[in-house]
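What follows is a single structure, written as structure tokens, with notes after it.
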Amino acid sequence: MKKILFVTSEAVPYIKTGGLADVAGALPKYFDKKKYDVRVILPKYLCIPEEWKEKMKFESHFYLDLGWRKQYVGIFSTQYEGIIYYLLDNEFYFAGEGPYNNIYEDVEKFAFFSKAVIEALPFVDFCPDIVHCHDWQTGLISVYLNTLYKDKAYYQNMRTVYTIHNMKFQGRWKLKAVKDITGLPEELFTPKILESYGESNYLKGGVLYSDIVTTVSETYAREITTVGGGEGLDGVMLQCRDKLYGIVNGIDYEEYNPQTDDKISYRYSEKDFVNGKSKNKQALQRKLGLECDDSVMLIGIVSRMTEQKGFALVEYMMDSLLCDGRMQFVVLGTGEERYESMFQYFAGKYPKSISANNRYSEELAHKIYASCDAFLMPSQFEPCGLSQLISFRYGTVPIVRETGGLKDTVIAYNEYEHIGTGFSFANYNAHEMRDTILYALNIFRNHRAEWNQIAARGMKQDYSWTSSAKKYEQLYDSLCK
């Protein structure tokens, strides 16, 4: 049996700020348990809810040399849905209201975490064949294994897989400070290895030293080898293209299931989704104070409020989209004040046509997926995206920009061949987005039977974690050979 260790800075249900937590918490459950023993290790943040911390069992502790410092490491374990989780404790690093702070604090925090993961393994008696690291916070693990620990017999047969969930965040900080923190050899801090544009770069180290690098869609794997998508590391990614793979994320088909979802107002299946969605739509319109009208196209947005998500385009076109009352928007999410304020402004201007909810609610999110006719994702870039996959599950038609995972998963509707699972536009352009939304509106209002076929095709798509897990299994097997 192959032993796999997922190393991550967050994982559901313990701590979540974004899609990384969903991947790290869901994917391990879907591997063949007869062939793979998959476990997860993450920090024991002080902000993890008490309901989860009280289920954790203290295992052991040790002291770690980090540069010139000696730091305490506590090891806790717990189980969730059949998966063993290890959590590393140090209140100096893992205190605070959230898992992330200022970058100058986080580079030290995750250097500590990376080294602590490696040295904790003998204490938990789990020697993995594959260490699967996620994002810049774990980039140093491959560096450490190939430098400071390479001559230690316990670690010599370990192989590493490194998954990039978002190229934009790389763990950059001052060279002198990172040399002092990490205790890594001076010769590593050059442009060929850890230095990038005068700074140290954790993600770059993870890419160069890992045996396999993956990212979360095939298109994004290509995009990050280009100047436009590489965020300054396009040359490095091009250099490593022979070990770079794109594997689309999945979603938990048990959690997102309109037949069993207790968070939605009315449950439904593929057979009765038209009626089921109509009843959910009316319930949500009433709940949020929108005009109850089934002929109005209800568009959902569940997202972080950032520039990456394309909200500059939405801001530019919102008056044009809402002025005639033919469509409504339900928005859920928090983020940059500019976009939170923008949606609040339009909600005040068009109170019967847009509901802006600057918070996060898992229950409201499920209601939006089940109730809306369409789901808008005009992202500037999108490594994978999960919302379009969840939308498919609930018979909600995605309207997306053709980038990253959105391009890989949403097949553009073709009215002549009667194919497609959604609507898409190519350029990051507000007018192109508006025209695509208006085209979708025309199909929704004037060709409802065709619209329902688009939604039905989406519901038949299989983006469960099972198919993604099989692709990771193939990579693991190739390394073990």
Side-chain angles (χ1 to χ4, degrees), residues 3 5-11 14-15 39-48 53 56-78 84-96 99-128 131-156 158 160 162 171 173-186 188-189 194 200 202 205-206 209-210:
K3 296 179 180 179
L5 181 70
F6 271 49
V7 188
T8 178
S9 60
E10 55 184 88
Y14 304 105
I15 190 76
R39 305 185 187 185
V40 183
I41 191 166
L42 68 155
K44 185 177 181 286
Y45 300 108
L46 197 63
C47 60
I48 292 175
K53 285 197 285 190
M56 298 174 189
K57 174 188 173 185
F58 177 78
E59 295 287 350
S60 185
H61 79 281
F62 63 95
Y63 286 88
L64 170 76
D65 291 325
L66 188 69
W68 50 269
R69 308 157 184 80
K70 189 174 274 305
Q71 301 285 19
Y72 167 86
V73 183
I75 306 173
F76 288 75
S77 69
T78 187
I84 295 175
Y85 286 79
Y86 301 111
L87 296 101
L88 301 186
D89 180 40
N90 180 296
E91 291 190 3
F92 174 75
Y93 288 116
F94 301 137
Y100 310 121
N101 300 302
N102 299 306
I103 185 63
Y104 62 84
E105 297 171 294
D106 285 350
V107 291
E108 180 171 343
K109 175 194 303 182
F110 291 109
F112 164 80
F113 175 62
S114 296
K115 202 171 185 187
V117 166
I118 295 171
E119 297 205 5
L121 295 177
F123 288 89
V124 297
D125 193 25
F126 185 72
C127 185
V131 181
H132 190 155
C133 304
H134 295 266
D135 267 352
W136 76 263
Q137 294 90 344
T138 62
L140 288 184
I141 287 180
S142 298
V143 181
Y144 278 131
L145 285 175
N146 284 278
T147 54
L148 300 187
Y149 295 87
K150 69 176 180 178
D151 295 327
K152 298 186 177 183
Y154 184 86
Y155 302 100
Q156 285 182 350
M158 292 182 190
T160 50
Y162 186 57
W173 192 239
K174 299 173 183 177
L175 280 170
K176 184 177 180 181
V178 173
K179 288 178 189 177
D180 176 69
I181 291 164
T182 61
L184 287 166
E186 177 83 22
L188 297 188
F189 294 89
L194 288 181
S200 65
Y202 284 28
Y209 277 98
S210 295

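Residues Lys53 and Thr78 fail the side-chain proximity criterion, which asks for heavy atoms closer than 4.5 Å. By the 4.5 Å heavy-atom criterion applied to side chains, Thr182 and Leu194 are not counted as neighbours. Residues Phe62 and Ile75 have side chains in contact (heavy-atom distance under 4.5 Å, counting atoms from C-beta outward). With contacts defined as side-chain heavy-atom distances shorter than 4.5 Å, the pair Met158/Pro128 qualifies. Annotation: side chain of Val73 is not in contact with side chain of Phe123 (no heavy-atom distance under 4.5 Å). With contacts defined as side-chain heavy-atom distances shorter than 4.5 Å, the pair Ile48/Met56 qualifies. Within the 4.5 Å cutoff, the side chain of Leu140 has heavy atoms near those of the Leu184 side chain. In this structure the side chain of Ile141 never reaches within 4.5 angstrom of the side chain of Tyr144, judged on heavy atoms.
Smallest separation of non-hydrogen atoms from Lys3 and Cys127: CD-O, 3.5 Å. Nearest approach of Asp65 to Lys115, heavy atoms of both residues: O-NZ, 2.7 Å. Here the closest non-hydrogen pair linking Ser9 and Tyr45 is O-OH, 2.7 Å. Across all non-hydrogen atoms, the minimal contact from Val178 to Ser200 is CG2-OG, 2.9 Å. In this structure, Tyr202 and Tyr162 approach most closely via the heavy-atom pair O-OH, 4.3 Å. Closest heavy-atom contact between Ala95 and Asn101: O-ND2, 4.5 Å.
The aromatic rings of Phe112 and Phe94 sit tilted, their planes meeting at an angle between 30° and 60°. Taking the six-membered ring where the residue is Trp, His132 and His134 present parallel rings, their angle staying beneath 30° rather than reaching 60°.
For Asn146, there are no side chain to side chain donor-acceptor pair (under 3.5 Å) partners two or more places apart in sequence or in a different chain. Among residues two or more places apart in sequence or in another chain, the ring pair (Phe, Tyr, Trp, His ring centres under 6.0 Å) test is passed with Tyr209 by none.
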Exercise for the section: Start with the C-alpha gap between Tyr85 and Tyr14, add the side-chain angles, then the distance that decides, and say whether ring pair (Phe, Tyr, Trp, His ring centres under 6.0 Å) holds. Expected result: CA-CA 10 Å; Tyr85 286 79; Tyr14 304 105; 5.1 Å; yes
Problem - Trace of the side-chain contact (heavy atoms from CB on, under 4.5 Å) decision for Phe113 with Gln137 - result: CA-CA 8 Å; Phe113 175 62; Gln137 294 90 344; 5.9 Å; no
Handout entry: Tyr63 and Glu119: CA distance, side-chain angles, deciding distance, side-chain contact (heavy atoms from CB on, under 4.5 Å) verdict
Key = CA-CA 9 Å; Tyr63 286 88; Glu119 297 205 5; over 6 Å; no
Problem - Derivation of the side-chain contact (heavy atoms from CB on, under 4.5 Å) call for Leu64 and Asn90 - result: CA-CA 11 Å; Leu64 170 76; Asn90 180 296; over 6 Å; no
Practice task
Take Asp180 and Arg69 through the test side-chain contact (heavy atoms from CB on, under 4.5 Å) and record every step on the way to the result.
Solution key: CA-CA 10 Å; Asp180 176 69; Arg69 308 157 184 80; 2.8 Å; yes
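A distance of 8.0 Å separates CG of Leu145 from OH of Tyr155, quoted to the nearest 0.5 Å. Once rounded to the nearest 0.5 Å, the distance linking CG of Asp89 with CG of Leu46 reads 9.0 Å. Rounded to the nearest 0.5 angstrom, Leu5 CG and Ile41 CD1 are separated by 6.0 Å. Rounding to the nearest 0.5 Å gives a distance of 12.0 Å between CZ of Phe76 and NZ of Lys57. Rounding to the nearest 0.5 Å gives a distance of 9.5 Å between NZ of Lys109 and CG of Asn102. For the atom pair CG (Leu175) and CD (Glu186), the distance works out to 9.0 Å, reported to the nearest 0.5 Å.
For the pair Thr138 (side chain) and Thr8 (backbone), a donor-acceptor distance under 3.5 Å is absent. Judged by distance alone, the side chain of Ser114 and the main-chain N or O of Ala111 form no donor-acceptor pair under 3.5 Å.
Checked by atom type, the side-chain pair Tyr100/Glu10 shows a donor-acceptor distance below 3.5 Å. At a cut-off of 3.5 Å, with distance as the only test, a side-chain donor of Tyr93 or Gln71 sits close to an acceptor on the other residue. Counted by atom type alone, Tyr72 and Glu91 present zero donor-acceptor pairs between their side chains at under 3.5 Å.
At most 12 non-hydrogen atoms from other residues, nucleotides or ligands lie less than 6.0 angstrom from CG of Asp125.
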